[in-house]
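Structure record follows, encoded as structure tokens.
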Amino acid sequence: MRKIHVIGIGAGDPDQLTLQAVKALRSTDVFFILDKGELKSDLVQLRRDILDAHVPEGAYRLVEARDPERDRSAGGAAYSPAVGDWRSARAGIYERLIVEDLGEDETGAFLVWGDPALYDSTLGILEEILDRGGVTFSYDVVPGISSVSALVARHRTGLNRVGRPVQITTGRRLAEGFPDGVDDVVVMLDAHQTFRQYADQDIDIYWGAYIGTPDEILVSGPLAETAQHIERLRAQARERKGWIMDTYLLRRHPRG
């Protein structure tokens, strides 16, 4: 039976790979990589750098395919169906790659940024493929260092305070309001700098972009003092590279 590794590769630094991840890399015959286009070609190169650093040359095959475009204009009630359509399109590509490029007795792998269990679609897509019944395979999951863990490590802080909860959410959800009963909130997938809504509150921000890569940018401090600075840095970085991946922690100080 075909076998698939879903390997968390960290936030971008090849040194962030775990020993378990390296072992999985070295047991892989075929690596599947989705190309997101010229603007994000350095993401493909980062994956190649990881393979060069940890896997002997000539010990594997690399198979690339173009990642389908997602309708990023869809909002409100149309958002979830748009994401579902995109995931199904990805599933079709993954299934074709597995059928056509992975032998019956071979092991393939998908390299996932951060940790496969946190805001990533790969596991759900593989289950969708299995449900279709067109191909059979087993798969395992190798956890990785997420951008969330890398962010707080780079800022030398913790995710939560003593006896207090922490919540991980998205920019879309944060725009609906600060979560109830939580003062430490990690925000991912925020294309609209939603933190600006809360710049008038007593909140500290720990922000990072391109975490774990040579282009890493870090800013921390009171949100009221840093929001505009982060906004400028983010715009400049996006203009320079054509894309941006950022994550931040908001730490609210309760009154009294």
Side-chain angles (χ1 to χ4, degrees), residues 1-12 14 17-18 20-52 54-55 59-72 74 78-147 170 188-189 243 245:
M1 181 183 292
R2 296 176 175 93
K3 183 175 182 179
I4 302 290
H5 295 313
V6 181
I7 305 173
I9 58 173
L17 262 71
T18 64
Q20 184 184 9
V22 172
K23 183 178 179 180
L25 291 177
R26 292 177 177 173
S27 69
T28 297
D29 301 299
V30 182
F31 291 98
F32 302 113
I33 294 181
L34 291 192
D35 181 3
K36 294 179 178 290
E38 185 177 351
L39 284 178
K40 294 186 177 181
S41 60
D42 44 354
L43 293 177
V44 173
Q45 186 57 50
L46 282 171
R47 286 182 168 94
R48 291 180 180 273
D49 292 343
I50 287 171
L51 294 178
D52 290 343
H54 296 289
V55 187
Y60 61 88
R61 305 192 307 277
L62 198 62
V63 177
E64 296 186 33
R66 185 62 184 266
D67 198 15
E69 295 291 334
R70 178 164 67 85
D71 182 5
R72 298 187 180 277
Y79 176 76
S80 291
V83 172
D85 291 342
W86 171 74
R87 285 178 55 150
S88 291
R90 257 196 170 189
I93 294 172
Y94 282 19
E95 184 172 8
R96 175 176 58 80
L97 294 176
I98 294 169
V99 170
E100 296 180 0
D101 294 290
L102 189 65
E104 291 283 353
D105 60 348
E106 288 188 316
T107 299
F110 292 96
L111 306 181
V112 175
W113 293 115
D115 187 282
L118 184 61
Y119 285 109
D120 183 81
S121 62
T122 305
L123 302 183
I125 288 173
L126 292 181
E127 286 295 329
E128 181 174 335
I129 295 170
L130 290 173
D131 288 343
R132 292 177 178 182
V135 62
T136 301
F137 55 86
S138 64
Y139 73 91
D140 57 24
V141 182
V142 179
I145 296 175
S146 69
S147 62
T170 65
M188 305 178 71
L189 307 175
W243 61 277
M245 288 195 303

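- Formation of a donor-acceptor pair under 3.5 Å by the D35 side chain with backbone atoms of R66 is not found in this model.
- Atom CG of D131 and atom CG of L126 lie 11.0 Å apart (nearest 0.5 Å).
- Within the 4.5 Å cutoff, side-chain heavy atoms of Y94 are placed close to those of L34.
- The two residues G108 and F32 make their nearest non-hydrogen contact at CA-CE1, 4.1 Å.
- Ring planes of F31 and Y60: perpendicular class, angle over 60° (limits at 30 and 60°).
- Atom OG1 in T136 sits 7.0 Å away from atom CG in L130 (nearest 0.5 Å).
- Closest non-hydrogen pair, I93 versus A65, comes out as CG2-CB, 3.9 Å.
- Comment: E106 engages R61 in a salt bridge, judged by a side-chain N to carboxylate O separation of less than 4.0 angstrom.
- Counting only distance, with no hydrogens or angles, the side chain of W86 and the backbone of P68 share a donor-acceptor pair below 3.5 Å.
- Every residue two or more places apart in sequence or in another chain was checked for a salt bridge (Lys or Arg N to Asp or Glu O under 4.0 Å) with E127, and none qualifies.
- A 4.5 Å side-chain heavy-atom check between L25 and L17 finds at least one atom pair inside the cut-off.
- Rounded to the nearest 0.5 angstrom, F110 CZ and I125 CD1 are separated by 8.5 Å.
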Show every donor-acceptor pair shorter than 3.5 Å between a side-chain atom in residues 95-104 and any protein atom, with sequence neighbours excluded, or say none if there are none.
{"unit_1": "E95", "atom_1": "OE1", "unit_2": "R132", "atom_2": "NH1", "d": "3.2"}
{"unit_1": "E104", "atom_1": "OE2", "unit_2": "R2", "atom_2": "NH1", "d": "3.4"}

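- At a threshold of 4.5 Å between non-hydrogen side-chain atoms, the residues I50 and L46 do not count as touching.
- Atom-to-atom distance recorded for K23:NZ and T18:OG1 is 11.0 Å, nearest 0.5 angstrom.
- When all heavy atoms of L118 and S146 are compared, the pair lying nearest together is CD2-CB, 4.0 Å.
- Nearest heavy-atom pair, P116 versus L123, reported as atom, atom and distance to 0.1 Å: O-CD1, 4.0 Å.
- The shortest distance between side-chain heavy atoms of H5 and S27 falls below 4.5 Å.
- When all heavy atoms of P14 and H54 are compared, the closest pair comes out as O-NE2, 3.0 Å.
- Looking at every heavy atom in both residues, S88 comes nearest to E128 through OG-OE2, 3.1 Å.
- For the pair R47 (side chain) and I33 (backbone), a donor-acceptor distance under 3.5 Å is absent.
- Of the candidates V112, V142, D140, D120, V112 is the only one forming a side-chain contact (heavy atoms from CB on, under 4.5 Å) with V6.
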